Amino acid sequence: MQPYLVVVLCIISSSKADINNKYFPESFQFGAAGAAYQIEGGWNEDGKGESIWDHFLHYNNPTSKVIDGTNGDVACDSYHNWQEDVDNLKKLGVKLYRLSISWTRILPDGTPYQVNQEGIDYYVNLFKALKQNGIEPVVTLYHWDLPQHLSDFGGFLNPQLADYFAAYARICFENFGPYVKYWMTINEPTSTCGMGYSMGLYAPGYTLIDGGMYQCAYVTLLAHAKAWHVYNDEFRAQQGGKVALGLVCSAQMPLDPNNPKDQEAAERSHLMGCASFGNPVFVGNWPQVMIDRIAAKSKEANYPFTRLPVFTQEEIDLIKGTSDFLPLNYYSSSLVEYIDELVGFPPNAWFDISVVTSANKSWPQAASPWLTSYPEGLRIILNRLNKDYNPSEFIITENGWSDTGELDDQGRITYIQAHMSAILDSILEDGVNVTGYTVWSLMDSFEWTAGYTEKFGLIKVDFDDPQRTRTWKSSAKYYQNVIATRCLLNQCE
Ligand code: BGC
């Protein structure tokens, strides 16, 4: 018996009793995920242009933006090591690999004026290698690395960005469409709009707390919808793929389940968070509570207009119905407490929502301060989204656990096992059509403001080694076994 199998069996036999002991359906696809800026490196190689993350971390005092003062200039160096990444994916046995395309590798200044053939070749070679190994790429067009040139035009504050994004999407569909069946347009807009345009923690670092987030949300939805229509009108008949917006959602649960005020606050927190992007795409327009509250709060602050951009009917129709599946990122959930209305100046998203969220103290804590483990929350939010949006299929496109990099990462095994168990409960007991799971992440990578201090990988990357050597952790071996047996325990029925 190989030594790692001994480790796997020990891990499995010590698993908790409430883990689902049924087999995953044959059609369910296991996978792993990553994103361009976090893994590729090669930030200015072979014609790649500058992105907002390159700019943000080259032109500011590094430690003022990232805890350890690092950046993604080299990261995992997947620009050079991609064949090894494919080998690892093959060894794991995955059928899906979620990755993102670096916009400035394809279009150095973001505009369709100049296409960089070397950038195209990089992804074509990667896609071909994946397909040859029976792995389906799940491709995100935008995982936060906007071309700096387009940011100088206002980025996601400028509605014209939607046209630039649609033009970029067309070039990707033309060149990569033959290899790709699942497209995600934009990853987690709640994060990038909130952190990038309101809190200033992510590139481009704007602190427009009164309205930056809403303008960014508006432009994001237009950009997503225009890209979806390009695919629908020009490529779908020939390529037959699916295109969707990537949501991050969690269960928002009342702190006191019997208190109607906490119940109302929890519902509001869901509607003004997850549903702020889900509703326009699946139902049409922002949720009504969001429209009403931001209008009222704007008025209180002497704005003669609402700070939430108002969609025209034409825009509502353009955006509605533009998700062919539901890519869901899920990490943790929140307890929501009702509080009196927050007022003050300048008005902002926190005042607009006016709730307090926290984690239950019994939920295990990861290395990332925002990440606690509550697997049941995944089942709750899947049920909710299934009821509200009834998508044809869900793929859990991110879910994972951070630690400080230990090779025997039992915390990660416990987390992913429990969350995959919740997915199995959703499929088998609630009848929710979850068809795939891409664990975050295949390997340790650049973790935005946390730099290389928080590790999410199944595979360790030695960031001190110029070769960026990869080493399998216990979780990779556990996941490999789950994929091989389609079972979370050492025996299923
Ligand atoms: C992002 C990833 C990130 C992960 C863990 C997600 O919000 O899409 O890029 O690494 O969370 O923080």
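Since we're looking at a predicted model, the values are computed, not measured. Counting starts at 1 for both ligands and their atoms, in listed order.
Residues that satisfy the salt bridge (charged side-chain N to carboxylate O under 4.0 Å, His left out) test with D403, not counting sequence neighbours, are R412.
Between Y437 and F30, the distance from one ring center to the other does not fall under 6.0 angstrom. Between W183 and F173, the ring centre distance stays below 6.0 Å. Between W401 and F456, the ring centre distance reaches or exceeds 6.0 Å.
The closest side-chain heavy-atom distance from M213 to Y197 is not below 4.5 Å.
Only the side chain of Q38 comes within contact range of ligand 1, with a heavy atom under 4.0 Å; no backbone atom does. With a 4.0 Å cut-off on non-hydrogen atoms, W370 touches ligand 1 through its side chain and not its backbone. Neither the backbone nor the side chain of V248 comes within 4.0 Å of ligand 1, counting heavy atoms alone.
Look at H143 and you'll find a heavy atom under 4.0 Å from some atom of ligand 1.
Close contacts of ligand 1 with N187, meaning ligand atoms under 4.0 Å from a residue heavy atom, involve 8 (O).
Nearest to atom 12 (O) of ligand 1 among the protein's heavy atoms is E447 OE2, 2.4 Å. For atom 6 (C) of ligand 1, the closest non-hydrogen atom of the protein is E398 OE1, 2.9 Å. Given atom 4 (C) of ligand 1, the protein heavy atom at minimum distance is Y331 OH, 3.4 Å. Counting protein heavy atoms only, atom 7 (O) of ligand 1 is closest to E188 OE1, 2.6 Å.
Side chains of T190 and E188: no donor on one and acceptor on the other come within 3.5 Å. With hydrogens and angles left out, the side-chain atoms of N60 and H55 include no donor and acceptor closer than 3.5 Å.
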